[in-house]
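Take a look at the structure set out below.
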Amino acid sequence: MSHHIIQVNNLKYKYPDGREALNGVTFRITHGESIGIVGANGAGKSTLLMHLVGVLFPDEGEISVGDVPVTKKTLPVIRQRVGMVFQEPDDQLFMTTVYDDVAFGPRNYKLPEEEVEKRVKSSLDTVGILHLKDRPPYKLSGGEKRAAAIATVLAMNPDILVMDEPTSALDPKSRRRLIMLLQSFTHTKIIATHDMDMVFELCERTIILQDGKVITDGPTAKILSNVELMEECGLELPLGLQGCPVCGTK
Amino acid sequence: MSHHIIQVNNLKYKYPDGREALNGVTFRITHGESIGIVGANGAGKSTLLMHLVGVLFPDEGEISVGDVPVTKKTLPVIRQRVGMVFQEPDDQLFMTTVYDDVAFGPRNYKLPEEEVEKRVKSSLDTVGILHLKDRPPYKLSGGEKRAAAIATVLAMNPDILVMDEPTSALDPKSRRRLIMLLQSFTHTKIIATHDMDMVFELCERTIILQDGKVITDGPTAKILSNVELMEECGLELPLGLQGCPVCGTK
Amino acid sequence: MPNLVESLYNIRILDELAEKRTIIHNIHPLMKVLTTGVYLMVTVSFGKYELSGLLPLIFYPVVLITLADIPIVPIFKRVLLVLPLIIGIGLFNPLFDKNPMIVLPWIQISGGWISFFSILIKGFLTILAALILIATTGMTRIASALRIMRIPRLFIMQLLLTYRYISVLIEEVGRVVRAYSLRSPGEKGIRFSNWGSLTGQLLIRTLERAQRVYHSMCCRGFAGEYNVGREKGMGIGDIVYFVGWSLYFVIIRYFNIPAMIGSLMMGVGK
Amino acid sequence: MHMADALLSPGVGGTMWAATAGVAAYSIKKVQNDIDEQKIPLMGVMGAFVFAAQMINFTIPATGSSGHLGGGMLLAILLGPYAGFLTMASILVIQALFFADGGLLALGSNIFNLGFYTCFIAYPLIYKRIIRKGYSTGRIFTGTLLASIIGLQLGAFSVVLQTLFSGKTELPFGTFVMLMQPIHLAIGVVEGLVTAAVVGFIWKARPEIIEKAAAGEALGGISIKKVLAGLAIVAVITGGIFSWFASAYPDGLEWSMLNTSGKEELEAPDGIHQTLSSIQEKIAFLPDYSFKNQEQKVSADAPETEEAWPAVNVGTSVSGLVGGVMTLLLAAITGFSIYVIKKREKASAV
Ligand SMILES: Nc1ncnc2c1ncn2[C@@H]1O[C@H](COP(=O)(O)OP(=O)(O)OP(=O)(O)O)[C@@H](O)[C@H]1O
Ligand SMILES: Nc1ncnc2c1ncn2[C@@H]1O[C@H](COP(=O)(O)OP(=O)(O)OP(=O)(O)O)[C@@H](O)[C@H]1O
Ligand SMILES: [Mg+2]
Ligand SMILES: [Mg+2]
């Protein structure tokens, strides 16, 4: 299915105040790949992801999803294919109940109400917050909001899943549940995160960003275990790879 | 110094909509202790911390910091002693530049401007964002905001440090830097987090909350390595303790 | 500032009430909007000296409040907050209009007082009607009613976004004020010199946040229309609701029922 | 300065609804032409901001009363007049619904009073003229301050007119004007200062927002003459409708005149008026006094009363009183029984 190929070409983006957040980013992601995007704070991860769903548009370079270039005109098509979880769950929850919020997307595609209900329930169940369905989102705890935000995107059944720090604020069990879920999701997924352990478990390929540029792009196992490289990019080995308290290796 | 003792007695709190977030929490923290508060999403961690600085007031039970009960009247004293980093960094940044934001607290204590500058610079340096000092806080990336929020509290030189998920959104290196910093901070610190590895490294004592109640309260090494207990509370062993790829232990 | 947080709280109370599922809540929003319209028109169309004729209008709020499970206290609090405005202007009537209107053996009541009470009752009823409408319907369903009434989409979207952002903004104000007070112990309120940067800051931040919210809506297929899933079609019951109430209002308007009851009673008494 | 439903007659309320709907429809058309994605959230946020600002009451120095911001000028400057007017409309809709501030019938008046004069008169005629020479902190300040004050004065005067034409209050015109205008002058100054400060801040932080709003608007190009001519037409039409409604029954202005002159009705202007009012009497459900209602009938029968206009004898007064009490009792009983029945149903359901 060619429409799952994502091509990013020499992407440059400057925020209106002159901050150069992306400085020529190029990569190509093929169908079914699972990509971890890592990098220090301010490296440009969120900025990059926002380009993939057309929230920001590049100053230079181009992006295409499938064979469709991401432009203002093609937004409806793009957004139907790509589901994105933003870094800030508060930005993503805008209805009066969690249920309505998760149902918002499916309803926009005019699905019959039974189908909507099925989708809402299953997504809420997947992230483990079905019991919160009738509560207003602004009254949830930080992690509950995060889970709800993820559910809103799952309910849309996107072909490509883009997530900005999906595990932050989640408790370890919910994090584990999310990782399992993502493992079972066979479509393309792109995950920006500081959770190296998740990348290690989940993504076969990793892209390291630094100062708006791609520093490395390759197999996760190789990259994430390269102490020097990681150190250089303001990162660390996954915790699971660091000194083991049992055998004492470093 | 008795004023660093924190005593929480049978604390109960119900949100205005009737949600019982705390259900009789009791503990005592003595001077210089380093406490990790862990628990599943929605367990009541943030609610508990907000009581410690008098953002919320208990429906039942009482809290005292040193020998001062936390009430509306004693707020100025309490807040001078206790510095809190909120879960949401956005809430904590309200001035036009990062510098002014960090300087806000010290300036309120009428410190001479050189002293203010020294404090601001050293706190910004500690969290690694000195280079961002002249930027407006709302234009920072998620992790940069988090770092700035931590700096604002450090600059106040509090006797007691209360932090709600301080490492979330931080990149691994900043996280490491924060942990080192906290290790060198000899006063009392209370940290609510999902980062079990940090708790394992940093806190000699751990309190597990579940559904607004204290489930366990004891030495970290014992609690965090108890697979069954952790499982039961919606948690997991620290990643560093889970299967070691070198020695293969589980 | 407490004013602000309080108002947010009020919005939320009404929001939550609108989430209930009672007979009244289930009536089609369009019919509820129209019924409210007729009610308001009839209420204000009463002449300024017609006091008794107004009274049967009170059945409408009474029936709705009880059927829709609306708690009385918060609603009445709101009414009491708004009434002083009306009283302020209405109170001039007794001052300027001193013609005796009701002449009883032991007391004479001037036209000014009658018209004052008439304004007061009308104020009470109209305020109540608006609050009941929102508390049983909710903003999104009112929006869908407006859409059926062919109000342009752009305006409805604007209305709904404004509505959403009010919570976002006020919440943010509350949290910023909290953070402020945490780092300025011993200070009451916010120092004047900081007001400017605080509001400016808030405005710009909310602005950027609003853009993010809007984008995240678009990312989920938003195309200018809020879809409220559980909206059923209009049924006979809905139309009966509208027609029934309207009939009742019109009858009240043309016949002064209390006066009839009164004279009947008096007649019996004789 | 929100008008309240209770102070409004259906005639005036309806007219203002129509006028507002007209302006809104025109604005929507204008906005739709040059809408971009950024503008929609901008309208939403600014609406929320002004909404919140309106919630903050400040005391007016030296008067002892308090007021709040209108915000129309801020909206016009940041969004342009058309989007500004629409945003003001949505703010007032929400206020009317959630706070019963103003009210649903008075909505038309309120939108008009707070939105029209600021967006379509003060903004183009004052603010834009001053700004035309180019942006500077000083010009933004004076322009914003002056436009805010004048916009609010016009709005306040409009409130006076609408209230008087509605005839629910006995306040004489002069007194009312003397009450409203000075208070709103004070509010206007505060509003002007705040608006100027906010606009100044945004101009420094995001100049493109303010310049875009002012540049993209066709209104800037239209000559003042055309605007004035248009306004004159609107004024004549509205005035005509107003006076038609106002003269359809003896109240408001006429009522006070009637009291002083003692004549039951002023000379009917001409035949048109009479046919109009007779037509109205036949079809109108809305106007105030065209109803044949019980009280009036009875009072007409009452023999010895001196006053020509409403007077009631002892009998009707008492029966009205008794009937009223009975009605209220009945209402209470109804409410209570519904409550009890529901409770029982719930109990049996459990
Ligand atoms: N609205 C904005 N205006 C100006 N600069 C911005 C804005 N948002 C982000 N930046 C800057 O752009 C750069 C990249 O930010 P981005 O949010 O993409 O980082 P990130 O990799 O997601 O970081 P984090 O891991 O902290 O989330 C940073 O230097 C940041 O300060
Ligand atoms: N403003 C609120 N109104 C009502 N209920 C709330 C509010 N904030 C939180 N709650 C509820 O109170 C409970 C405790 O929330 P709290 O934020 O303390 O959890 P937490 O332990 O910090 O969770 P997390 O790890 O997700 O941050 C949750 O069930 C949450 O849904
Ligand atoms: Mg980011
Ligand atoms: Mg929390």
Discussion item. For B:Asp90 and B:Lys145: C-alpha separation, side-chain torsions, deciding distance, then whether salt bridge (Lys or Arg N to Asp or Glu O under 4.0 Å) applies.
Written reply: CA-CA 7 Å; B:Asp90 255 326; B:Lys145 277 183 201 166; 3.4 Å; yes

Worksheet entry | Residue pair A:Phe86 / A:Gln92: nearest heavy atoms and the distance that separates them | N-OE1, 3.0 Å

Discussion item. Please identify, among A:Pro136, A:Ser168, A:Gly234, the residue contributing the most non-hydrogen atom pairs under 4.5 Å to chain B.
Written reply: A:Gly234

Discussion item. Using modelled atom types and a 3.5 Å cut-off, is there a donor and acceptor pairing between side-chain atoms of B:Lys189 and backbone atoms of B:Leu182?
Written reply: yes

Worksheet item: Which heavy-atom pair separates B:Ala149 from B:Val85 by the least distance, and what is that distance?
Response: O-CG2, 4.5 Å

Worksheet item: Which pair of heavy atoms, one from B:Val199 and one from B:Gly36, lies closest together, and at what distance?
Response: CG1-CA, 4.3 Å

Discussion item. Donor-acceptor pair, distance only, cut-off 3.5 Å: does the side chain of B:Asp59 make one with the backbone of B:Lys14?
Written reply: yes

Practice prompt. Under 4.5 Å heavy-atom distance to chain B, tell me which part of A:Lys45 shows up: side chain, backbone, both or neither.
Written response: neither

Fill in: Matching residue for A:Val127 among A:Val102, A:Leu132, A:Ile150, A:Thr152 - test: side-chain contact (heavy atoms from CB on, under 4.5 Å)
A:Ile150

Fill in: Closest approach of B:Asn10 to B:Gly24 (non-hydrogen atoms, all atoms of both residues)
OD1-CA, 3.4 Å

Discussion item. Below 4.5 Å, heavy-atom pairs only: which of B:Ala40, B:Gly42, B:Ala169, B:Ser46 has the largest tally toward chain A?
Written reply: B:Ala169

Worksheet item: Side chain, backbone, both or neither: which part of B:Gln87 has an atom under 4.5 Å from a heavy atom of chain A?
Response: side chain

Worksheet entry | When A:Glu165, A:Arg135, A:Lys139, A:Glu144 are compared by non-hydrogen pairs under 4.5 Å with chain B, the top option | A:Arg135

Worksheet item: How about residues 201-232 of chain A versus chain B: which residues have heavy atoms under 4.5 Å apart?
Response: A:Glu231

Worksheet item: Sub-3.5 Å donor-acceptor pair from the side chain of A:Arg79 to the main-chain atoms of A:Val53, do we have one?
Response: yes

Discussion item. For the backbone of A:Asp171 and the side chain of B:Asn41, can you confirm whether one donor and one acceptor N or O come within less than 3.5 Å of each other?
Written reply: yes

Item to complete: Find the one option among B:Arg176, B:Met196, B:Arg175 whose heavy-atom pairs under 4.5 Å with chain A are most numerous.
Response: B:Arg176

Discussion item. Please rank B:Pro172, B:Gly143, B:Ser141 by heavy-atom pairs under 4.5 Å with chain A and give me the top one.
Written reply: B:Pro172

Worksheet item: What part of A:Arg146 gets closer than 4.5 Å to chain B, counting heavy atoms only: side chain, backbone, both or neither?
Response: neither

